[in-house]
Trainee: 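Here's a structure for you.
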Amino acid sequence: MAKKLNRPTYIALTVALALGLSACNDEASQIPPTKERVPTAAKAPTSEEAIAFIKDSEAQMAQLSIESNRAEWIYSNFITDDTAALSAAVGEKVSAASVQFATQAAQFANVDLDPVNARKLNMLRSALVLPAPLDPAKNAELAKISSELNGLYGKGKYCFSNGKCMTQPELSSLMAESRDPAKLLEAWKGWREIAKPMRPLFQREVELANEGAKDLGYANLSELWRSQYDMKPDDFSQELDRLWGQVKPLYESLHCYVRGELNNEYGDTVAPTSGPIPAHLLGNMWAQQWSNIYDLVAPDNADPGYDVTELLEDKGYDEHKMVKQAETFFTSLGFAPLPDSFWDRSLFVQPKDRDVVCHASAWDLDNLDDIRIKMCIQKTAEDFTVIHHELGHNFYQRAYKQQPFLFKNSANDGFHEAIGDTIALSITPSYLKQIGLLEDVPDASKDIGLLLKQALDKIAFLPFGLMIDQWRWKVFSGEITPEQYNQAWWDLREKYQGVKAPIDRNETDFDPGAKYHVPGNVPYTRYFLAHILQFQFHKALCDKAGETGPVHRCSIYGNKAAGDKLNKMLELGSSQPWQVALKEVTGSDAMDAKAVLDYFAPLQTWLDEQNKASNRQCGW
């Protein structure tokens with residue numbers, strides 16, 4: 001099966017969709033290739049045949065998308081055996097169609113085409129995430145496996161010894177709030193029990209998807225995934241290494257400081273002063289963001305005097321009002337309000353009577369205006385930010401709705417993730433005051449504390465955002481064998497993050513499966529790219545807004561000039577290479593982490609001073 005990439009919904013799809021392909025009716029699902037549009041061995045394909053194929057494929061894909069989107073929405077909101085079976089059936093039909101389009105597209109690879117059609121043809125060939133083999137039985141098998149993996153994650157719970165059972169969001173709240181190492185360890189270990197049954201399913205899924213990738217002319221699934229960035233696959237890998245090299249010194253300073261403060265809190269037995277940090281101590285189920293332990297590592301006298309979670313409660317913010325405020329940010333930039341259907345059809349609160357996929361996600365169901373979010377909102381500062389992020393997807397989706405179907409996507413998948421986060425960088429004290437959550441803006445003496453809290457999210461995430469696909473690409477290429485899945489996972493986590501499992505793990509475990517994006521088959525490099533791009537976007541938009549102070553204090557809330565500049569990029573969709581779209585906002589066609597370093601420059605100076613004063617030996 002192929003996983004949905006175009007018109008990203010970033011959801012726990014159980015069918016693998018290509019470029020927004022969706023479920024089809026029985027008649028449409030057959031999509032028989034016409035003789036005049038499929039080149040034969042005896043006749044070289046012509047540009048006319050290629051263009052006719054592209055036009056026909058795009059039209060069918062647009063037609064197919066809506067039914068599938070609705071089927072996936074229903075499955076993610078009502079997880080039952082019946083909806084899972086329907087989902088798998090839809091996935092099988094869609095996958096067959098998407099693989100057929102990709103296979104046909106490969107036959108036109110050497111045809112000279114105009115830039116627009118050449119771009120569309122490349123998308124048809126390369127945008128599959130889980131390409132199914134041509135064998136119908138294997139296609140069906142892959143659809144069923146993908147659905148099962150998603151269901152295992154969505155229905156996952158852990159029951160403590162006292163009989164209390166918790167879902168993933170509830171366990172995540174415990175990880176954020178508890179300071180009892182024993183309780184943290186039990187929650188950490190317990191959630192990973194849900195992933196053990198995934199291991200053989202995942203292994204077979206990789207085998208089938210690799211076979212599908214080879215049918216399309218790629219060496220393996222790793223090469224296919226890395227072919228979607230307007231660069232040669234190996235060049236893209238080198239680009240990631242370059243960007244990580246820029247930010248690694250800042251991460252190492254942060255890691256060193258946090259490890260020392262955790263030692264002060266828990267002592268040598270629980271949190272040693274050297275080596276990797278035990279993963280259960282960082283306030284997050286996956287140790288991917290660390291802001292929940294800010295209270296343990298905050299500098300003296302840096303408290304800004306407010307807590308956004310408390311402010312939301314004090315001002316009577318419920319889940320609906322949190323979403324409404326995030327919408328207001330976008331409308332303040334000149335974007336039209338969300339349609340009434342968004343408010344009628346989105347899911348904001350976890351139902352008490354059924355299983356749902358709680359992972360926050362943004363949806364575009366009809367390629368036009370039926371945009372929604374689905375998340376089990378917690379009334380916290382973290383989810384206030386996540387809501388801004390998800391609406392970034394929705395406003396991006398609507399901005400490019402006039403593009404041809406194949407271009408209804410972001411310039412690259414990192415762009416889609418970056419937009420909402422760019423807005424979230426403007427959730428500054430001045431913004432909180434403007435919207436009535438905060439009475440007074442703290443003076444500059446509190447900036448270090450605020451920057452540290454930001455870094456515990458943004459900088460702590462960078463190596464995690466990089467290593468997940470580093471692991472998967474090695475799995476896909478065969479460099480990591482099934483017998484090494486778990487060991488290789490922790491080797492990479494230690495290499496990039498300086499984080500280790502708090503207890504012994506072995507190959508009966510499948511810890512990668514405890515992270516949604518692995519069983520959900522969502523590529524993860526996009527999140528690493530987004531954490532670089534958002535700072536580039538933020539700096540450029542602050543410049544457009546005429547902000548002259550420190551970039552970490554800038555908020556573009558209410559600035560329509562910045563909004564207009566942003567919208568010009570969003571409207572391009574994926575019609576142009578990402579380098580062109582990037583230049584629309586930043587003036588440069590190269591991704592650059594310098595904006596990250598500039599944003600956190602005062603913090604890095606402070607971190608290095610603290611580490612030196614405490615005589616900490618950094619690194620792991």
Side-chain angles (χ1 to χ4, degrees), residues 2-8 16-69 93-129 131-132 134 215-217 224 227-228 230 364-369 397-412 571-578 580-581:
K3 196 71 174 177
K4 178 186 267 183
L5 269 182
N6 199 59
R7 303 176 299 97
L17 303 176
L19 296 164
L21 269 174
S22 303
C24 48
N25 57 40
D26 290 341
E27 181 178 8
S29 69
Q30 303 307 312
I31 317 177
T34 57
K35 292 182 180 179
E36 65 272 21
R37 290 181 183 173
V38 180
T40 66
K43 179 184 176 183
T46 67
S47 59
E48 290 77 11
E49 288 175 325
I51 291 171
F53 160 72
I54 293 166
K55 182 178 180 181
D56 184 55
S57 300
E58 185 170 32
Q60 292 189 60
M61 290 167 68
Q63 176 187 351
L64 297 177
S65 65
I66 296 174
E67 185 181 347
S68 176
N69 292 341
K93 291 188 290 186
V94 170
S95 177
S98 60
V99 171
Q100 180 176 316
F101 289 139
T103 304
Q104 291 176 243
Q107 299 179 59
F108 294 103
N110 296 320
V111 175
D112 288 333
L113 293 170
D114 61 274
V116 170
N117 280 299
R119 187 166 181 79
K120 288 183 177 181
L121 186 71
N122 185 63
M123 288 179 170
L124 284 166
R125 177 173 175 251
S126 69
L128 304 180
V129 176
L134 297 176
D215 288 342
L216 296 177
L224 189 155
S227 295
Q228 301 166 4
D230 295 309
D364 173 10
L365 274 78
D366 68 352
N367 313 319
L368 290 171
D369 296 301
Q397 289 161 343
R398 191 170 63 176
Y400 55 57
K401 70 178 183 179
Q402 299 304 327
Q403 290 286 348
F405 183 82
L406 285 173
F407 293 156
K408 291 179 187 289
N409 197 353
S410 59
N412 70 38
E571 288 179 337
L572 289 175
S574 60
S575 64
Q576 298 291 328
W578 63 260
V580 175

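Just so you know, residue 1 is the first one in the sequence shown, and it goes up from there. Computed from a predicted model, the values in this text were never measured in an experiment.
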Trainee: Taking all non-hydrogen atoms of both residues, which atom of R398 and which atom of D369 are closest, and how far apart?
Mentor: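 Scanning both residues completely, I find the closest heavy atoms to be CD-OD1, 3.8 Å.
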
Trainee: Report the distance from atom CG of L368 to atom CD1 of I66, rounding to the nearest 0.5 Å.
Mentor: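 Reported value, rounded in 0.5 Å steps: 7.5 Å.
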
Trainee: I'd like to check L124 versus F53 (side-chain heavy atoms, cut-off strictly below 4.5 Å). Are they in contact?
Mentor: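 In short, these two side chains touch, coming nearer than 4.5 Å.
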
Trainee: Quick one: CG on L572 to CG on N409, what's the gap to the nearest 0.5 Å?
Mentor: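 Nearest 0.5 Å value for the CG-CG distance: 12.5 Å.
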
Trainee: With a sphere of 6.0 Å drawn around CG of D112, does it hold more than 12 non-hydrogen atoms of other residues, nucleotides or ligands?
Mentor: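 No, not enclosed.
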
Trainee: Are any of the side-chain heavy atoms of S65 and F405 separated by less than 4.5 Å?
Mentor: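 Yes; the side chains approach each other to less than 4.5 Å.
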
Trainee: Could you tell me which non-hydrogen atom of A102 sits nearest to which non-hydrogen atom of L216, and how far apart they are?
Mentor: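 Nearest pair, atom of A102 first, then L216: CB-CD2, 3.5 Å.
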
Trainee: Are side-chain heavy atoms of Q60 and F101 found at a separation under 4.5 Å?
Mentor: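 Result yes, sub-4.5 Å side-chain heavy-atom pair found.
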
Trainee: Can you list the residues that meet the salt bridge (Lys or Arg N to Asp or Glu O under 4.0 Å) rule with R119, with sequence neighbours excluded?
Mentor: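 Once residues adjacent in sequence are excluded, the partners of R119 under the salt bridge (Lys or Arg N to Asp or Glu O under 4.0 Å) criterion are D230.
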
Trainee: So do Q104 and S57 actually touch side chain to side chain, heavy atoms under 4.5 Å?
Mentor: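 Not in contact.
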
Trainee: With side chains defined as the heavy atoms from C-beta onward, is the minimum distance between L121 and V111 less than 4.5 Å?
Mentor: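 Result no, sub-4.5 Å side-chain heavy-atom pair not found.
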
Trainee: Between K120 and L406, what is the shortest heavy-atom contact and its length?
Mentor: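 Looks like CB-CD1, 3.6 Å.
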
Trainee: Hey, does K408 have a side-chain heavy atom less than 4.5 Å from the side chain of Q397?
Mentor: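 Result no, sub-4.5 Å side-chain heavy-atom pair not found.
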
Trainee: Could you tell me the separation between the CD atom of E48 and the CG atom of L113, rounded to the nearest 0.5 Å?
Mentor: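 If we round to the nearest 0.5 Å, E48:CD and L113:CG are 9.5 Å apart.
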
Trainee: Over all heavy atoms of both residues, which pair between Q228 and S126 is shortest? Give the atoms and the distance, please.
Mentor: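 Scanning both residues completely, I find the closest heavy atoms to be NE2-O, 2.6 Å.
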
Trainee: Is there a side-chain contact between D215 and P131 (heavy atoms, below 4.5 Å)?
Mentor: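 Not in contact.
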
Trainee: Check N69 against D364 and note the closest heavy-atom contact, atom names and distance.
Mentor: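 In this case the closest contact between N69 and D364 is ND2-O, 3.3 Å.
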
Trainee: Give me the atom names and distance for the closest heavy-atom approach of Y400 to S410.
Mentor: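 Of all heavy-atom pairs spanning Y400 and S410, the closest is CE2-N, 4.0 Å.
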
